Chemist: 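After the structure tokens below, expect a handful of questions from me.
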Amino acid sequence: MPVTAIPVSEEMNAVIRHPIQIVDSIASNSNGQLGCDQLLESVKRSFVEKLADWEQVPALHSLDVDNIPHGSLVRMRCMVQDVMEPEWFVSTVRLQSSDGS
């Protein structure tokens, strides 16, 4: 069920709509001086500081996907599972008959 959007500040709105710019800025300002773990920690710290209230980040399950601008930051809840064997999903499998059709 879609919910109404919570009003957010201009700064938070910019972070939500253009999160990759923040990551790019942090990486550029580090001039290659940060290792991968340090860079990730710096990005995490920046987002925690800028997004004091995570509830204001739109939840993917409560929005119409067509109304989410490309590249926007969204929240979602999911389960990640590591499986030992490959999984096949009908929407990604293309079947082909023996005659090639």
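This structure is a prediction, so every number in the text was calculated from the model and none was measured.
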Chemist: Output a table of donor-acceptor pairs, distance under 3.5 Å, between side-chain atoms of residues 31-50 and any protein atom two or more places apart or on a different chain; print 'none' if there are none.
Modeler:
unit_1	atom_1	unit_2	atom_2	d
Gln38	OE1	Gly35	N	2.8

Chemist: Got a list of side-chain donor-acceptor pairs under 3.5 Å for residues 76-83, not counting sequence neighbours?
Modeler:
none

Chemist: Residues two or more places apart in sequence or in another chain: which of them pass salt bridge (charged side-chain N to carboxylate O under 4.0 Å, His left out) with Arg75?
Modeler: Glu55

Chemist: With a 4.5 Å heavy-atom cut-off, do Met12 and Leu51 have their side chains touching?
Modeler: yes

Chemist: Counting only pairs under 3.5 Å, give me each side-chain donor-acceptor contact of residues 16-23, with atom names and distances, residues two or more places apart or in other chains.
Modeler:
unit_1	atom_1	unit_2	atom_2	d
Arg17	NE	Asn13	OD1	3.4

Chemist: Tell me which donor-acceptor pairs under 3.5 Å the side chains of residues 65-73 have, and how far apart each pair is, sequence neighbours excluded?
Modeler:
unit_1	atom_1	unit_2	atom_2	d
Ser72	OG	Pro69	O	2.9

